[in-house]
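Encoded as structure tokens, the structure appears first; notes follow it.
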Amino acid sequence: MISPAARMQHLSQHFFAVLSVRLAAMQAQGLDVVRLDEGSPDLPPPAHIIQALTEAASCPHQHAYQPHRGPQALRQAWAEMYRRLYQIELDPQAEVLPLLGSKEGIFHLLQAYIEPGDVVLAPDPGYVTYTRGALFAGGHIYPMPLLPESGYLPDFEAIPPQALARAKMLWLNYPNNPTGATASLDFFARAVAFARQHNLLLCHDAAYAQVTFDGYCAPSLLQIPEARQVGVEFNSLSKSHNMAGWRVGALLGSPQVIQTLFTLKTNADSSHFLPVLQAAAAAMTGEQGWITHRNEIYRQRRDVIVSALNRMGLPVTAP
């Protein structure tokens with residue numbers, strides 16, 4: 001047999017891919033499995049989003065290849081959502097790049113920037129794609145511990161000089177997966193200053209930004225005026241709009257970084273199905289009040305879990 005490339009040694013099947021096989025076997029045996037493992041919404045998008053998809057897919061002229069940047073209306077919708085949520089002005093042409101879900105963009109951005117021997121500063125614990133993508137590119141991981149005494153925020157001053165000297169990329173993720181921790185604008189300002197000081201590409205994964213409770217609104221990295229000089233933010237409709245299987249995300253921020261990833265993506269994919277993109281635009285520009293109701297359902301579930309764990313003698317803080 002022909003041997004695979006050496007870089008494949010850094011990849012094993014994704015944890016959830018292996019777990020899905022095990023769960024399918026359990027369900028085939030008639031077991032009722034309650035999943036607490038993957039952030040996959042179990043509630044559907046509201047009817048107006050599905051209707052937008054249905055109407056667009058019914059049009060006979062909607063099934064061709066699409067531009068790699070997607071339709072202008074989609075990029076404008078991302079910009080409009082950021083204006084509404086964060087009072088940020090984004091250039092839809094230069095500062096917004098649609099993705100086939102943020103996971104794809106995260107993995108590909110690492111391939112676009114990391115060379116063998118480069119160091120990637122990644123949160124520990126953290127989303128596995130930050131590390132798998134870096135290793136696949138030949139990079140090395142410096143894990144930044146997320147500790148309760150630090151509010152599950154990385155301590156930039158604890159990163160040793162020898163790691164910083166080779167570091168090229170810094171990953172953040174708030175609201176955080178898996179700790180549930182949040183970050184303030186002050187923390188983001190310190191992260192931007194740190195990235196500028198050490199010539200790092202600062203990448204913020206904001207997948208859970210609209211899944212918040214108790215009146216809290218998560219900030220965006222791009223609210224820091226200097227962030228677009230050194231950083232980008234990944235966003236996704238997977239969690240915010242119950243559209244995980246639709247694979248719709250975006251990279252926002254530095255025009256130079258976006259142009260680099262755009263060049264890679266023109267060689268790696270051929271955009272997305274236009275009706276999905278049109279429905280995604282409808283999701284971001286249409287009625288948003290249902291998100292508040294959805295988050296209230298999640299809050300009730302959270303409280304049940306936190307209460308049960310505390311009763312079992314496993315003290316936890318409600319995220």
Side-chain angles (χ1 to χ4, degrees), residues 4-11 14 17 64-72 74-79 82 90-122 126-141 166-173 195 199-207 221-222 227-238 244 246-274 276-277 280:
R7 59 182 171 272
M8 287 298 295
Q9 296 176 7
H10 294 298
L11 287 184
H14 195 282
Y65 288 122
Q66 296 303 307
H68 283 86
R69 291 188 186 272
Q72 176 74 7
L74 175 67
R75 285 178 274 115
Q76 288 176 336
W78 282 106
Y82 264 65
L90 292 169
D91 180 349
Q93 182 63 27
E95 297 180 318
V96 179
L97 178 63
L99 304 170
L100 300 173
S102 57
K103 178 180 180 180
E104 169 264 312
I106 290 168
F107 191 89
H108 278 143
L109 188 69
L110 286 152
Q111 310 317 305
Y113 275 92
I114 299 304
E115 298 182 277
D118 288 340
V119 167
V120 174
L121 308 174
Y127 184 41
V128 68
T129 305
Y130 311 147
T131 54
R132 292 287 180 84
L135 293 172
F136 191 74
H140 300 281
I141 301 298
R166 296 166 51 207
K168 195 171 187 178
M169 188 177 287
L170 166 63
W171 284 95
L172 300 174
N173 165 219
N199 196 30
L200 301 170
L201 174 54
L202 176 57
C203 304
H204 180 231
D205 181 4
L221 173 72
L222 301 182
R228 277 176 263 190
Q229 298 175 18
V230 294
V232 288
E233 184 162 274
F234 287 87
N235 207 305
S236 167
L237 301 188
S238 293
W246 297 49
R247 310 314 303 137
V248 178
L251 181 66
L252 310 108
S254 167
Q256 293 80 13
V257 176
I258 283 177
Q259 181 59 40
T260 299
L261 184 58
F262 172 71
T263 300
L264 187 152
K265 282 176 61 60
T266 60
N267 290 278
D269 66 68
S270 298
S271 190
H272 208 332
F273 184 36
L274 180 58
V276 169
L277 300 180

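Heavy-atom basis, side chains included; hydrogens, waters and symmetry copies ignored.
Within the 4.5 Å cutoff, side-chain heavy atoms of Leu90 are placed close to those of Leu222. Side chains of Leu135 and Tyr130 form no contact here, defined as non-hydrogen atoms less than 4.5 Å apart. With contacts defined as side-chain heavy-atom distances shorter than 4.5 Å, the pair Trp171/His204 does not qualify. Side chains of Tyr113 and Leu201 form a contact here, defined as non-hydrogen atoms less than 4.5 Å apart. Gln229 places none of its side-chain heavy atoms less than 4.5 Å from the side chain of Ser254. Two residues are said to be in side-chain contact when any heavy atoms from C-beta on lie closer than 4.5 Å; Ser238 and Arg247 meet this criterion. Counting only heavy atoms from C-beta outward, the side chains of Thr131 and Phe136 never approach each other to under 4.5 Å.
For the residue pair Trp78 and Ala250, the shortest heavy atom distance occurs at CE2-CB, 3.4 Å. In this structure, Ala137 and Leu110 approach most closely via the heavy-atom pair CB-O, 3.9 Å. The nearest pair of heavy atoms linking Ala122 to Ile141 is CB-CG2, 4.2 Å. Across every non-hydrogen atom of Val248 and Ala280, the tightest pair is CG1-CB, 3.7 Å. The two atoms that bring Val96 and Ile258 nearest to each other are N-CD1, 3.6 Å, heavy atoms only. Shown here for Gly139 and Ile114, the closest heavy-atom pair between the two residues is CA-CG2, 3.7 Å.
Scored by the side-chain hydrogen bond (donor to acceptor under 3.5 Å, both in side chains) test, His68 finds no partners at all (sequence neighbours excluded). Applying the salt bridge (Lys or Arg N to Asp or Glu O under 4.0 Å) test to Arg75 and every residue at least two apart in sequence or in another chain returns nothing. In this structure Gln259 satisfies the side chain to side chain contact (heavy atoms under 4.5 Å, CB included) test together with Arg69, Phe262, Thr263, sequence neighbours excluded. Residues passing the salt bridge (Lys or Arg N to Asp or Glu O under 4.0 Å) test with Lys168, sequence neighbours excluded: Glu115, Asp118. Looking at residues two or more places apart in sequence or on another chain, you find no side-chain hydrogen bond (donor to acceptor under 3.5 Å, both in side chains) involving Ser271.
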Go through it in stages, so that I can follow the logic: the residues are Leu261 and Leu99, the test is side-chain contact (heavy atoms from CB on, under 4.5 Å), and I'd like the CA-CA distance, side-chain angles, deciding distance and then a yes or no. CA-CA 10 Å; Leu261 184 58; Leu99 304 170; 3.9 Å; yes
Carefully, step by step, assess Leu252 and Glu95 under the rule side-chain contact (heavy atoms from CB on, under 4.5 Å). CA-CA 5 Å; Leu252 310 108; Glu95 297 180 318; over 6 Å; no
Ile106 and Tyr127: CA distance, side-chain angles, deciding distance, side-chain contact (heavy atoms from CB on, under 4.5 Å) verdict: CA-CA 10 Å; Ile106 290 168; Tyr127 184 41; 4.1 Å; yes
Tell me, with the steps shown, if Met169 and Cys203 meet side-chain contact (heavy atoms from CB on, under 4.5 Å). CA-CA 7 Å; Met169 188 177 287; Cys203 304; 3.8 Å; yes
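Residue Arg166 qualifies as enclosed at atom CZ: its count of foreign heavy atoms under 6.0 Å is above 12.
A distance of 10.0 Å separates CD of Glu233 from CG of Leu172, quoted to the nearest 0.5 Å. Rounding to the nearest 0.5 Å places CD of Gln66 at 10.5 Å from CG of Leu74. Residue Tyr65 holds its OH atom at 14.5 Å from CG of Leu274, rounded to the nearest 0.5 Å. Going from atom CG of Asp205 over to atom NZ of Lys103 covers 12.0 Å, rounded to the nearest 0.5 Å.
Sorted by first and then second residue, the salt bridge (Lys or Arg N to Asp or Glu O under 4.0 Å) pairs involving residues 252-273 (not counting sequence neighbours) are Glu104-Lys265, Lys265-Asp269.
Put simply, the side chain of His272 gets close to the backbone of Trp246: a donor and an acceptor are under 3.5 Å apart.
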